[in-house]
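Step one of this worksheet: look at the structure below.
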Amino acid sequence: MERILIVGATSAIAEATARRFAQQGAKLYLLARNRERMEGLARDLRIRGASQVSFAVFDANDFDSHQALLQRAIDDMGGLDLVLIAHGTLGDQKACEKSFPLTLRELNTNAISVISLLTHLANDLEAQRHGTIAVISSVAGDRGRQSNYVYGTAKGAVSIFLQGLRNRLHKKGVHVLTIKPGFVDTPMTAAFRKGPLWASADRIAEGIVRSVQRKRDEVYLPGWWAAIMMVIRNIPERIFRTLSL
Ligand SMILES: NC(=O)c1ccc[n+]([C@@H]2O[C@H](COP(=O)([O-])OP(=O)(O)OC[C@H]3O[C@@H](n4cnc5c(N)ncnc54)[C@H](OP(=O)(O)O)[C@@H]3O)[C@@H](O)[C@H]2O)c1
């Protein structure tokens, strides 16, 4: 039976993924900001078949709390087979351009908090010599664009950090999965007009579960984003700088 920790568990993508893990009878531990929403989610996951669901309130930017919270989750489940890190904010790019404190907050939430969690988790999984670390990064981290480069910087940092961790932990039997979704219809993107490139949270969840099972390294979800991002990454900077992206 899998013992799974989900950080940012009330995110739409995390919830959809947790429902799939629950159907497999997993033991789950949830960390998220909103206790009420977590209580409701925990009830739902138990009904769907999770063999155990526990949770604790977590603020990603309270870095000092991370180690103790992670240890409590591992003790509660009697070990850890898989961690999914899913929290994030799509900050206001224009507001960040006018305010370094706001930029710093976005970088803390989307990058530094993830790096803090991964620093502790990597040591735990390295010591036990098994387990999977799965983190939701983004296609936005593949290339800086004027419309969201603060968020993109954070996601790019997370993707690079995960590459390094994978290289370190592969020989220790620990699987590191970088998840790069494209446009997903969730509360984070509620204000955006949706088009044919958009996917549901459940479609991304299905891809996450499949990628964990297949021990993939980096995945674009849905898969067509691999082709789109190959094109985007290869546009020469002299041309890219003139585009309104
Ligand atoms: N939606 C997309 O198009 C898209 C594309 C690529 C990647 N992603 C990534 O996918 C992940 C999940 O996002 P989503 O689309 O499912 O969005 P979502 O439903 O808006 O979820 C975001 C979650 O992050 C949590 N969060 C934000 N700041 C936090 C903090 N300081 N401490 C703890 N939790 C915090 C939120 O908690 P509260 O509910 O308490 O605010 C919420 O549960 C994120 O990492 C996002 O960057 C999303």
Side-chain angles (χ1 to χ4, degrees), residues 5-20 30-42 55-66 69-70 83-93 102 104-118 134-143 145 147-159 161-162 177-195 197-208 211 218-226 228-229 232:
L5 168 63
I6 305 183
V7 184
T10 55
S11 104
I13 295 173
E15 279 194 21
T17 312
R19 285 197 284 273
R20 287 173 178 268
L30 316 176
L31 290 176
R33 254 197 314 207
N34 186 320
R35 174 177 292 279
E36 240 172 70
R37 282 190 55 204
M38 229 169 1
E39 282 168 355
L41 176 61
F55 57 83
V57 173
F58 153 87
D59 183 336
N61 290 327
D62 182 4
F63 306 143
D64 290 342
S65 71
H66 289 182
L69 277 173
L70 294 173
V83 56
L84 173 66
I85 300 182
H87 66 276
T89 51
L90 184 60
D92 181 334
Q93 170 67 31
L102 202 53
L104 183 60
R105 198 176 76 192
E106 292 305 319
L107 295 176
N108 279 338
T109 306
N110 291 300
I112 305 302
S113 72
V114 178
I115 289 171
S116 162
L117 293 164
L118 289 174
V135 182
I136 307 185
S137 182
S138 171
V139 295
D142 277 16
R143 194 155 190 182
R145 291 185 293 127
S147 57
N148 71 351
Y149 64 81
V150 172
Y151 175 76
T153 298
K155 291 299 193 180
V158 166
S159 295
F161 194 89
L162 289 168
L177 169 64
T178 307
I179 301 151
K180 295 183 177 179
F183 301 142
V184 192
D185 188 359
T186 68
M188 180 176 279
T189 53
F192 291 68
R193 195 149 24 93
K194 310 297 183 301
L197 285 178
W198 286 75
S200 68
D202 194 51
R203 178 154 188 191
I204 305 304
E206 191 260 326
I208 292 174
S211 305
E218 284 195 351
V219 284
Y220 290 88
L221 295 175
W224 66 67
W225 280 96
I228 295 174
M229 295 315 296
I232 300 267

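Quick note: residue numbers are just sequence positions, from 1. Both ligands and their constituent atoms are indexed starting at 1 by order of listing. Note: hydrogens, waters and symmetry copies are ignored here, and every other heavy atom, side chains too, is used.
With contacts defined as side-chain heavy-atom distances shorter than 4.5 Å, the pair Tyr151/Gln93 does not qualify. In this structure, the side chains of Trp224 and Leu197 come closer than 4.5 Å at one or more pairs of heavy atoms. Leu177 is not listed as a side-chain neighbour of Val135, based on a closest heavy-atom distance of 4.5 Å or more. Contact annotation: the side chain of Trp225 approaches that of Ile228 to within less than 4.5 Å [non-hydrogen atoms, C-beta and beyond].
The residue from Asp202, Ile136, Leu221, Leu84 that alone fulfils the side chain to side chain contact (heavy atoms under 4.5 Å, CB included) condition with Ile13 is Ile136.
In terms of N/O distances under 3.5 Å, ligand 1 is approached by Thr10. Checked against a 3.5 angstrom limit, the closest N/O atoms of Asn34 and ligand 1 fall outside it. Between Ala12 and ligand 1, an N or O atom pair is found at a separation short of 3.5 Å.
At a threshold of 4.0 Å, the pair Arg20-Glu15 does not count as salt-bridged, since none of the basic side-chain nitrogens sits closer than that to a carboxylate oxygen.
In this structure, Ser137 has a heavy atom closer than 4.0 Å to ligand 1. Remark: distances from the non-hydrogen atoms of Arg37 to ligand 1 include one below 4.0 Å. Put simply, no part of Ala201 is less than 4.0 Å from ligand 1, judged by heavy atoms. Distances shorter than 4.0 angstrom occur between a heavy atom of Pro187 and an atom of ligand 1. Within the 4.0 Å heavy-atom shell around ligand 1 one does not find Ala9.
Heavy-atom contacts of Thr189 reach the following atoms of ligand 1: 1 (N), 2 (C), 3 (O) (cutoff under 4.0 Å). Atoms of ligand 1 found under 4.0 Å from any heavy atom of Phe183, numbered from 1 in the order shown, are 3 (O). Atoms of ligand 1 lying under 4.0 Å from any heavy atom of Thr109, numbered from 1 in the order shown and given with element: 28 (N). Close approach of ligand 1 to Thr89 is summarised as follows: ligand atoms under 4.0 Å from at least one heavy atom of the residue are 27 (C), 28 (N). Interface atoms of ligand 1 facing Ile136, defined by a heavy-atom separation under 4.0 Å, are 9 (C), 10 (O), 11 (C), 45 (O).
Given atom 20 (O) of ligand 1, the protein heavy atom at minimum distance is Met188 N, 3.3 Å. The protein heavy atom nearest to atom 47 (O) of ligand 1 is Tyr151 OH, 2.6 Å. At the top of the distance list for atom 3 (O) of ligand 1, counting protein heavy atoms only, stands Val184 N, 2.8 Å. When hydrogens are left out, the protein atom nearest atom 41 (O) of ligand 1 is Arg33 NH2, 2.7 Å; that is the closest non-hydrogen contact. Here the heavy atom of the protein found nearest to atom 24 (O) of ligand 1 is Gly88 N, 3.1 Å. For atom 12 (C) of ligand 1, the nearest non-hydrogen atom of the protein is Ala86 O, 3.1 Å. Scanning the protein for heavy atoms near atom 5 (C) of ligand 1, the closest one is Gly182 O, 2.9 Å. For atom 15 (O) of ligand 1, the closest non-hydrogen atom on the protein side is Thr186 OG1, 2.7 Å.
For the residues Arg35, His87, Glu15, the heavy atom positioned nearest atom 25 (C) of ligand 1 is part of His87. Proximity annotation for atom 23 (C) of ligand 1: of Gly8, Ala60, Ser11, Ala16, Ser11 comes nearest, heavy atoms only. Nearest to atom 16 (O) of ligand 1 by heavy-atom distance, out of Ile13, Val139, Ile204, is Ile13.
Side-chain polar atoms of Ser200 and Asp185 form no donor-acceptor pair below 3.5 angstrom. Side-chain contact of Thr89 with Glu106: a donor-acceptor pair under 3.5 Å is present, judged by distance alone. For the residue pair Asp59 and Ser65, no side-chain donor N or O sits within less than 3.5 Å of a side-chain acceptor on the partner. Ser113 and His87 form a side-chain donor-acceptor contact under 3.5 Å, judged by distance and modelled atom types alone.
The shortest non-hydrogen separation linking Ala86 to Gly8 is CB-O, 4.0 Å. The two residues Val184 and Trp198 have their closest heavy-atom pair at O-CZ3, 3.3 Å.
No donor-acceptor distance shorter than 3.5 angstrom exists from the side chain of Ser159 to the backbone of Gly141, with no hydrogens or angles considered.
Residue Lys180 does not touch ligand 1, judged by heavy-atom distances below 4.0 Å. Counting heavy atoms closer than 4.0 Å to ligand 1, residue Asp59 contributes atoms from both its backbone and its side chain.
Ring orientation note: the planes of His66 and Phe58 are tilted relative to one another, at an angle of 30° to 60°.
For Arg143, the CZ atom counts as densely surrounded, since its 6.0 Å shell holds more than 12 non-hydrogen atoms of other residues, nucleotides or ligands.
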